[in-house]
Chemist: 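Pasting in a structure now, in structure tokens, and then I'll have a few things to ask.
Note on naming: letters A, B, ... go to the chains in the order of the sequence lines (proteins, then strands), and numbering restarts at 1 for each one. Everything numeric here is computed off the predicted structure, so don't read it as measured data.
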Number of protein chains: 2
Amino acid sequence: MSQFPRGSTGPPDGVVVPDLPELPEATVSRLPEYLRALHQIAQAGQDTVSSEALAAAAGVKSAKVRKDLSQLGSYGTRGVGYEVAVLIEQIEQVLGLTQRRNVALIGVGNLGHALAGYGGFGSRGFRIGALVDADPARVGERLGDLVVTHIDELPATVAAEQIAIGVITTPVVAAQAVADRLVAAGVTSILNFAPCVLSVPDGVDVRNVDLAIELQILSFHEHRRGRGDPDGAAAVRRAAPKVVGP
Amino acid sequence: MSQFPRGSTGPPDGVVVPDLPELPEATVSRLPEYLRALHQIAQAGQDTVSSEALAAAAGVKSAKVRKDLSQLGSYGTRGVGYEVAVLIEQIEQVLGLTQRRNVALIGVGNLGHALAGYGGFGSRGFRIGALVDADPARVGERLGDLVVTHIDELPATVAAEQIAIGVITTPVVAAQAVADRLVAAGVTSILNFAPCVLSVPDGVDVRNVDLAIELQILSFHEHRRGRGDPDGAAAVRRAAPKVVGP
DNA sequence: ACGGGTTTGTGAAGCCGTGCACAAATCGCG
DNA sequence: CGCGATTTGTGCACGGCTTCACAAACCCGT
């Protein structure tokens, strides 16, 4: 909306202001969900979608969808809705998915193997560009069309494969050291599966995925709900069969 | 502490709610992080901890720690700090981790195998009580000391193993059906790894873990940061070597 | 062309969460 | 026994996010 006229004369100095003013973090975290829903809708043959329908598919309220989309200067048509194809392209543009991003998997253990074999990367804008491990016994192992390289070669690997994101799937004890080496190699985005807090310089982005934490949060609500059978009898506390939503 | 929660969305009355008035969701989601940090601290030999130290270990601000802990009627001692052992017990109590919770893994594919082999369950209050799949070829397979059972036996399995939480690691197409069957079997907490939105009845809690979404959020920040080298040269955009403070 | 029905975009209000700053409480030590 | 150092617990203000409600914009049939 407030499309910035690309300064033909150029900004005088230093300040490289991006196109979008500043996208709220909450919105950013929902854009991928919209994107997923939109692909689903597109595959179903719909070529336009209302905020109401999109909201239902993404599991949020319609007002939120509209405000989110308006943030990125959206092209919706009143009385009609949004063009699915246009919206997909818009969101992919904003998320930086127009160019495929290469990720490196550090730690080819149980979880690393599973992620390497997960097919969901390619269809969502990513590609596994490197498998890395510290264990010499694992180096050289082939998975698909990739060969596990040693972590000592990380800088070369990052440069050669243009790695944009590092995914840490090592044991906890190794995670911080791996993060340090990733940062030293120039990686500025890290997805951490190890259950620990990583220290990184300013300007490096870290997101954590901790299975146990998710389970514990679920446990809290379960516990809160389930007062009444102190000695865990298998009391079946059946929820009402009413189905939420669309 | 006598601060009363103004009933907003909650039921007007009737449910005799236990000790805790109403814990903010943001606090709940941080308690597991505190718990992890506390175990770490306890293992280091510390028997008391200040909010400042705990905040550093959990990666948050100290004021937030104090406010969070005060929410659950904490037993801190001014001028000293918190007793680590007491705090651990308090948090485990609130999270309902005093009794070990059994989880069922539905979908013994790549990811399912990885999670089944993940050792982090036992030490964090959970136990895999069942492995379930729909593929007859997989039923009967042994992993560790568990045997994969068929999903048609889900109700019996849930009852026999006192399953509290279902973890969905199936392909997307199967996820909703699995969720329905989990709910029908009496499970009221679901951790969903399939990239889709699940419809469940009121009273059932669902949490989603989507790898691609996390990557896309990282991609956004990477994209936003990385204006200036359009043809992705491996320009090392080194952040200041300053380490983010403890 | 025009009116009715539909849907977007957004101003405004309310809620939640965060962080500061400080009084109250506790310990250690002289 | 009292004083200073330390740390908790919390009132308060601020900012961000969510939701409602509604005017503006648009399509379509007549």
Chemist: Short question: side chain of B:T169, backbone of B:G107 - any donor-acceptor pair under 3.5 Å?
Modeler: yes
Chemist: Calculate the interatomic distance between B:K61 atom NZ and C:dG17 atom P; express it in whole Å.
Modeler: 19 Å
Chemist: May I ask you to evaluate whether B:K64 reaches the phosphate of C:dT18, defined as a side-chain N or O under 4.0 Å from OP1 or OP2?
Modeler: yes
Chemist: Between A:E52 (CD) and C:dT6 (P), how many Å, whole number?
Modeler: 13 Å
Chemist: Between B:R124 and B:H39, is there a side-chain heavy-atom distance shorter than 4.5 Å?
Modeler: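 In short, these two side chains do not touch, never coming nearer than 4.5 Å.
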Chemist: Thinking salt bridges, do B:E33 and B:R36 make one under a 4.0 Å N-O criterion?
Modeler: yes
Chemist: Between C:dT18, C:dT26, D:dA25, which nucleotide has the shortest distance from any of its atoms to the side chain of A:R78?
Modeler: D:dA25
Chemist: Identify which one of A:D210, A:L115, A:L211 satisfies the side-chain contact (heavy atoms from CB on, under 4.5 Å) criterion when paired with A:F193.
Modeler: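 When side-chain contact (heavy atoms from CB on, under 4.5 Å) is applied between A:F193 and each of A:D210, A:L115, A:L211, only A:L115 qualifies.
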Chemist: At under 4.0 Å, does any side-chain N or O of A:Y82 touch on OP1 or OP2 of D:dC26?
Modeler: no
Chemist: Ignoring the backbone of B:E25, work out which of C:dG19, C:dG17, D:dT7 is nearest its side chain.
Modeler: C:dG17
Chemist: Report the residue (B:V80 or A:G79) whose heavy-atom-nearest nucleotide on DNA chain D is the more 5′ of the two.
Modeler: B:V80
Chemist: Looking at A:S50 and A:A53, would you say the former's side chain and the latter's main chain have a donor-acceptor pair under 3.5 Å?
Modeler: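 Checked: pair present.
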Chemist: How long is the line joining NZ of B:K67 and P of D:dC14, in whole Å?
Modeler: 15 Å
Chemist: Report the distance from atom CG of B:L87 to atom P of D:dT8, rounded to the nearest whole Å.
Modeler: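 These atoms are roughly 11 Å apart.
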Chemist: Figure out the CG/P separation between B:D68 and C:dC16, and round it to whole Å.
Modeler: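 In whole Å, C:dC16 P and B:D68 CG are 16 Å from each other.
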Chemist: Could you tell me the separation between the CD atom of A:Q71 and the P atom of D:dC17, rounded to a whole number of Å?
Modeler: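 The answer, rounded to whole Å, is 9 Å.
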Chemist: If you only use heavy atoms from C-beta on, which nucleotide in D:dC17, D:dA21, D:dA25 is closest to the side chain of A:R66?
Modeler: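 Looking only at side-chain atoms, A:R66 lies closest to D:dA21.
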Chemist: Identify, between A:T27 and A:T77, the residue whose nearest nucleotide on DNA chain D lies closer to the 5' end.
Modeler: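 Between the two, 5'-proximity favours A:T27.
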Chemist: Side-chain N or O of A:S51 less than 4.0 angstrom from OP1 or OP2 on C:dT8?
Modeler: yes
Chemist: What is the distance, to the nearest angstrom, from the CG atom on A:L54 to the P atom on C:dT7?
Modeler: 14 Å
Chemist: How close or far is atom P of C:dT8 from atom CD of A:Q90, stated in whole angstroms?
Modeler: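 One finds 15 Å between P of C:dT8 and CD of A:Q90, rounded.
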